Protein chains: 2
Amino acid sequence: MMDDTGGREISATRTAYLSLRQMILTGALPAGQKLKIEDLRKMLVTGASPVREALSLLTSDMLVERIDQRGFRAAAASLENFEEILNLRCTLEDMALRKSIMRGTSDWEERLVLAHHRMKRAVDTPIFEDAHKAFHMTLLDNAASPMLERYCSQLYDLNIRYRYLAAGGENYQRREIAAEHEEILDATVRHDCDAASAALLSHYRLTGAYLSKRLGDL
Amino acid sequence: MMDDTGGREISATRTAYLSLRQMILTGALPAGQKLKIEDLRKMLVTGASPVREALSLLTSDMLVERIDQRGFRAAAASLENFEEILNLRCTLEDMALRKSIMRGTSDWEERLVLAHHRMKRAVDTPIFEDAHKAFHMTLLDNAASPMLERYCSQLYDLNIRYRYLAAGGENYQRREIAAEHEEILDATVRHDCDAASAALLSHYRLTGAYLSKRLGDL
DNA sequence: TTTCTCAAAAAAATCGATATTTATTGACAT
DNA sequence: ATGTCAATAAATATCGATTTTTTTGAGAAA
């Protein structure tokens with residue numbers, strides 16, 4: 001039908017994928033909840049096939065669990081899972097950041113400074129969220145290791161989900177975090193692997209501890 | 001219809017998933033190849049829906065790439081990709097093995113000895129393959145870190161694919177490998193993290209180097 | 001009561017057909 | 001020869017209906 005409203009036409013599957021993903025990340029679809037095709041189909045005003053396919057794709061992101069012949073459910077959440085994610089992130093991002101820095105091109109450093117600037121400037125929460133992820137991913141994307149980047153991106157998103165779970169999306173302490181970001185950026189642009197990595201991991205472990213406390217035991 | 005031939009009925013999607021997975025791992029569906037729904041549907045004698053869903057699921061395993069609105073293709077293969085997999089495996093399995101050993105229960109050690117025994121006994125190639133994977137996964141499954149295990153399992157399979165790519169499934173030097181397995185097992189049961197990890201990584205790096213050579217540049 | 005069985009209801013899985021999109025082809029103008 | 005563009009072909013994506021499987025719950029048996 002192509003009602004060209006200026007933008008690109010995307011598939012029903014992709015639309016469903018993005019909506020469901022957002023709903024799971026923000027908790028609109030709570031952890032562990034049964035995801036009935038028929039309900040989602042009505043909710044998203046689309047067919048069953050795109051919904052099924054979107055759910056299958058969300059399996060990759062570990063946001064949806066699939067049990068043969070008895071459908072899908074939103075991935076479970078637990079304190080143990082959160083801590084596992086935190087640990088994996090620390091290991092993988094440490095590796096990726098060091099590689100990025102070692103390969104350090106000035107092009108990359110410029111992209112990094114830019115990403116940091118955009119993040120600082122972002123006031124609106126959803127825009128800040130995007131900019132924040134962009135900054136963190138830029139830190140890692142010079143490692144020339146696409147699978148590693150994919151894992152890190154995946155784990156980043158899973159972590160976000162716990163932020164929503166703990167805080168309901170409320171804008172947690174942003175001031176301290178700004179200083180931490182500066183520190184990571186500074187160490188990185190002066191090619192100090194150890195300092196940059198230490199700053200990054202401390203950044204994660206601090207917010208991790210803060211979240212753990214608020215999560216109680218779920 | 002339920003023609004109960006003694007076994008369990010499984011879904012068409014799962015059947016398709018397992019077949020396609022095997023075909024990609026062994027190279028029956030070559031890396032990078034376009035995967036047309038219609039062809040696969042005929043090949044597997046099933047409907048388009050199970051095929052699409054199976055392909056979507058294979059996306060999780062990084063064995064299939066999906067491009068919105070223009071279908072699926074078998075994941076590309078390259079020397080760089082192989083080496084990335086090798087590096088990630090070394091990092092992740094090192095972490096998992098150390099955790100497993102540190103939590104070392106006697107139950108786990110017994111399972112490990114058993115898995116090793118079964119692997120040694122296996123003569124037939126496909127049975128050996130399964131037993132080999134079972135042994136390596138058992139080494140890691142006491143780490144109480146399901147995501148880490150999942151990543152390792154995924155990477156193991158991706159690695160197998162390169163073995164087929166390099167050797168066409170031919171049974172590469174198995175003698176040396178038996179000794180390496182003994183060494184890993186011994187160090188593990190005597191709770192020597194460093195020795196076990198060193199043996200494991202050397203095992204991977206040795207076969208890795210061997211494969212790299214045979215892969216040329218693809 | 002508890003447990004079991006079986007039929008009805010609900011949900012998942014699958015199929016076959018259609019609509020939509022992308023890729024290909026070849027005539028025509030440059 | 002070469003590039004453009006519309007017509008055609010091919011493939012993907014989606015829908016609506018049907019089949020199969022799982023779940024539920026009422027009544028029978030222990």
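Lettering of chains follows the sequences in order, A, B, ..., and the numbering in each one begins at 1. What you see is a predicted model; the values in this text were computed from it and never measured. Because only heavy atoms are used, hydrogens play no part in the values below, and waters and symmetry mates are left out as well, while side chains stay in.
Side-chain contact annotation: Asp61(B) with Tyr17(B), donor-acceptor N/O pair under 3.5 Å present. Looking only at atom types and distance, the side chain of Glu84(B) has a donor-acceptor partner in the side chain of Ser145(A) under 3.5 Å away. Judged by distance alone, the side chains of Tyr162(B) and Asn81(B) do bring a donor and an acceptor atom under 3.5 Å apart.
In this structure, the side-chain contact (heavy atoms from CB on, under 4.5 Å) partners of Arg103(B), at least two apart in sequence or on a different chain, are Asn142(B), Ala144(B).
Between Arg66(A) and Glu53(B), the closest side-chain pair of non-hydrogen atoms falls below 4.5 Å.
Taking 4.0 angstrom as the limit, Thr13(A) places a side-chain polar atom (N or O) nearer than this to OP1 or OP2 of dT14(D). An OP1 or OP2 oxygen of dT21(C) is reached within less than 4.0 angstrom by no side-chain nitrogen or oxygen of Arg70(B). Under 4.0 angstrom from either OP1 or OP2 of dA13(D) there lies at least one side-chain N or O belonging to Arg52(B).
A heavy atom closer than 4.0 Å to some atom of DNA chain D occurs in no member of residues 53-62 of chain A. Remark: Lys34(B), Leu35(B), Lys36(B), Ile37(B) in residues 33-50 of chain B come within less than 4.0 Å of DNA chain D through at least one heavy atom.
Under a 3.5 Å cut-off, the side chain of Ser153(A) and the backbone N or O of Arg150(A) do not form any donor-acceptor pair.
Projected onto DNA chain D by closest heavy-atom contact, Ile67(B) and Gln69(A) fall at different nucleotides, the more 5' of which corresponds to Ile67(B).
In this structure, the CG atom of Asp68(B) is 7 Å from the P atom of dA13(D), given to the nearest Å. One can place CZ of Phe72(A) at 9 Å from P of dA12(C), the figure rounded to the nearest angstrom. Arg73(A) has its CZ atom 10 Å from the P atom of dA12(C), to the nearest Å.
Ring centers of His116(B) and His132(B): at least 6.0 Å apart, outside the cut-off.
By the 30° and 60° cut-offs, the orientation of the rings of His181(B) relative to His203(B) is perpendicular.
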